[in-house]
Amino acid sequence: STAATAPLSALSAAVVVSAASGPIIVSAAASAVSTSSTPAPDPATAGGARPLELHLAEVVCRGCRLVYVEPARVPPSRIELAPLDLTLADVEADLSRPITFTLDTGLAAAQATVAGGKSAAPGRIKLAGRLMVVGPNGEASALGRPASRLALQGRADLGEVDLRLAQPYLTPLLNVDLQSGRLATGGDLDLLLALSGPGADLPSVSYRGRVELQGLRSHVGVAGDELLAWRKLGFDALAVAWRPSALSADLGRITLDGLQTRLIIYPDAHLNLQDIVRRDATSTPPAGAASAPAAPGRGSAAAAGSAAPSSANHSATASNAAVSAPTGAAPALGWQQLTLSDGAIYFSDRTLEPGFSARLSKVAGQIGAVSSAKPEPARVELTGAVDDVAPLRIAGRIHPFGARLYTDIEAGVRGIPLTRVSSYAERYAGYAIEKGSLSLTLRYKIDQGKLDAQNQLFLDQLTFGDEVA
């Protein structure tokens with residue numbers, strides 16, 4: 001067996017690799033430089049030194065373990081790949097030949113934010129494919145040659161990956177707590193990364209296959225109210241391609257089963273959706289604040305802001321530049337079909353006493369195919385019920401990805417009991433509602449930036465009760 005180590009001084013996190021059940025095996029290894037002749041020194045190498053010639057027929061790691069730790073994160077992140085089986089074949093020092101690889105590993109994490117203090121259950125990752133260096137036209141190349149790019153082509157299968165692994169990376173930005181959720185994929189992955197020159201730090205990525213997110217539950221805010229949940233969100237025949245100048249995404253056939261979301265107005269009249277993004281993550285200092293003296297009582301905050309590492313400043317500058325720079329063609333977006341089943345939207349108004357709540361349940365139906373490359377709008381056919389008693393129907397056509405939004409939608413609901421909104425009548429009219437029902441038909445058409453709206457409202461047997469003291 002052979003072992004080698006090298007310093008990783010640029011990493012801010014700790015990476016530990018160990019062979020749990022046996023050594024890393026390197027077979028048919030040859031590392032030699034021919035001495036039969038002395039060719040002219042390579043100007044690309046310092047002092048005329050010869051490049052290393054190395055060929056490994058196979059590198060095998062069985063039962064290994066890789067741990068990635070970021071203790072500085074809040075909450076801390078610890079991701080473990082184990083047991084890890086990795087095989088590399090035909091390894092050349094300059095990657096002039098494609099490396100065939102297979103990876104099969106468990107994926108787990110241990111972090112404080114997991115509900116009940118329990119570690120996320122292990123998932124599974126399987127990768128198989130080729131890693132190579134290609135030239136500007138996709139031809140075989142090698143490290144150090146002009147315009148060379150690193151290319152990965154393979155199959156990516158993920159099973160039962162716990163979404164709570166992402167919590168430490170969401171927490172600095174979002175006030176959302178992932179309670180549960182599982183990710184599964186199966187498809188073809190291509191990655192292309194320039195090794196030098198423009199775009200060397202921005203890879204091009206494409207994926208074709210399926211993606212499933214199951215059992216999602218998330219809470220928001222200090223109160224911990226449920227925000228979003230579903231049984232299954234699936235994308236079949238998904239095709240996504242991203243490169244620094246363009247995005248193409250055919251979301252394929254989308255299925256959303258068991259959607260539940262809540263809209264809450266709290267007693268101070270703010271909406272729960274306002275709590276999703278952390279305020280400290282979106283606040284930016286005014287222009288010139290960096291050179292202005294600290295205000296009284298704000299010294300520690302100013303010092304904390306000025307103590308940010310220069311690398312972070314450079315990253316922010318680069319990110320801002322990337323956002324403001326021209327991005328080329330508009331994104332190509334679309335889907336083949338969107339199917340909804342057993343959805344529900346809950347609404348609560350806690351500014352009232354007693355509080356008011358309502359729900360839109362049994363949401364089901366389909367939205368047809370739509371694409372930014374085609375002018376044809378998607379057909380919409382959805383049904384549901386308000387508080388399980390008043391039937392709701394939404395039908396029409398919509399094109400959200402065109403040069404201009406196009407909508408021609410009609411929504412109708414019949415027989416909403418008005419006693420459900422008596423709390424509003426008591427507050428704003430001074431009288432309770434004893435009986436009555438509401439039926440409503442709305443039609444909205446937006447075409448070429450023009451809105452045509454038609455609203456029909458029908459009140460049946462509306463009866464007010466006694467005046468509220």
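In this structure, N455 places its CG atom where more than 12 heavy-atom neighbours from other residues, nucleotides or ligands lie under 6.0 Å away. The environment of CZ in R443 is sparse: at most 12 heavy-atom neighbours from other residues, nucleotides or ligands sit within 6.0 Å. Within 6.0 Å of the CZ atom in R359, the count of heavy atoms belonging to other residues, nucleotides or ligands exceeds 12. In the displayed structure, R243 atom CZ is contacted under 6.0 Å by at most 12 heavy atoms of other residues, nucleotides or ligands. When the shell of 6.0 Å around CZ of R379 is examined, it contains 12 or fewer heavy atoms from other residues, nucleotides or ligands.
A pairwise comparison of heavy atoms in F464 and A425 identifies CE2-CB, 4.3 Å as the closest pair. When every heavy atom of P331 is checked against every heavy atom of S372, the shortest pair comes out as O-OG, 3.8 Å. Shown here for Q214 and W230, the closest heavy-atom pair between the two residues is N-NE1, 4.4 Å. Considering every non-hydrogen atom in both V389 and P391, the closest pair reads O-CD, 3.4 Å. Taking each heavy atom of L192 and A151 in turn, the nearest pair found is CD1-CB, 3.6 Å. The two residues A156 and Y207 come nearest to each other via the heavy atoms O-OH, 4.4 Å.
Contact annotation: the side chain of Y169 approaches that of E70 to within less than 4.5 Å [non-hydrogen atoms, C-beta and beyond]. In this structure the side chain of V363 never reaches within 4.5 angstrom of the side chain of L259, judged on heavy atoms. Contact of the D257 side chain with the T339 side chain is not registered, since no non-hydrogen atoms from C-beta on lie closer than 4.5 Å. Between K445 and Y406, the closest side-chain pair of non-hydrogen atoms falls below 4.5 Å. Side-chain contact between F347 and L360 is absent, with no heavy atoms from C-beta onward closer than 4.5 Å. Side-chain atoms of T102 and L86, non-hydrogen and from C-beta on, never get closer than 4.5 Å to each other. Side-chain contact between P400 and V370 is present, with heavy atoms from C-beta onward closer than 4.5 Å. Contact check for P244 versus S204: side-chain heavy atoms found under the 4.5 Å cut-off.
For the pair H219 (side chain) and G224 (backbone), a donor-acceptor distance under 3.5 Å is present. Side-chain atoms of R278 come within 3.5 Å of backbone N or O of T171 as a donor-acceptor pair. The backbone N or O of G63 sits less than 3.5 Å from a side-chain atom of D85, completing a donor-acceptor pair. A donor-acceptor contact shorter than 3.5 Å links the side chain of N272 to the backbone of I264. In this structure a side-chain-to-backbone donor-acceptor pair under 3.5 Å is present from S439 to G415. Of the possible polar contacts, none joining the Q337 side chain to the Q366 backbone as a donor-acceptor pair under 3.5 Å is found. No donor-acceptor distance shorter than 3.5 angstrom exists from the side chain of Q167 to the backbone of R164, with no hydrogens or angles considered. A donor-acceptor pair is defined here as one N or O able to donate and one able to accept, closer than 3.5 Å; no such pair exists between the side chain of T351 and the backbone of A269. Between the S218 side chain and the L228 main chain, a donor and an acceptor come within less than 3.5 Å of each other.
Residues that satisfy the side-chain hydrogen bond (donor to acceptor under 3.5 Å, both in side chains) test with R414, not counting sequence neighbours, are absent from this structure. Under the side-chain hydrogen bond (donor to acceptor under 3.5 Å, both in side chains) criterion, R155 pairs with D157, sequence neighbours left out. For K232, the salt bridge (charged side-chain N to carboxylate O under 4.0 Å, His left out) partners two or more places apart in sequence, or in a different chain, are E212.
Under a 4.0 Å N-O distance rule, the pair D387/R420 qualifies as a salt bridge. Using a 4.0 Å cut-off between charged nitrogen and carboxylate oxygen, D342 and K362 do not count as a salt-bridge pair. Electrostatic pairing of D225 and R350 counts as a salt bridge here, judged by a charged N lying under 4.0 Å from a carboxylate O.
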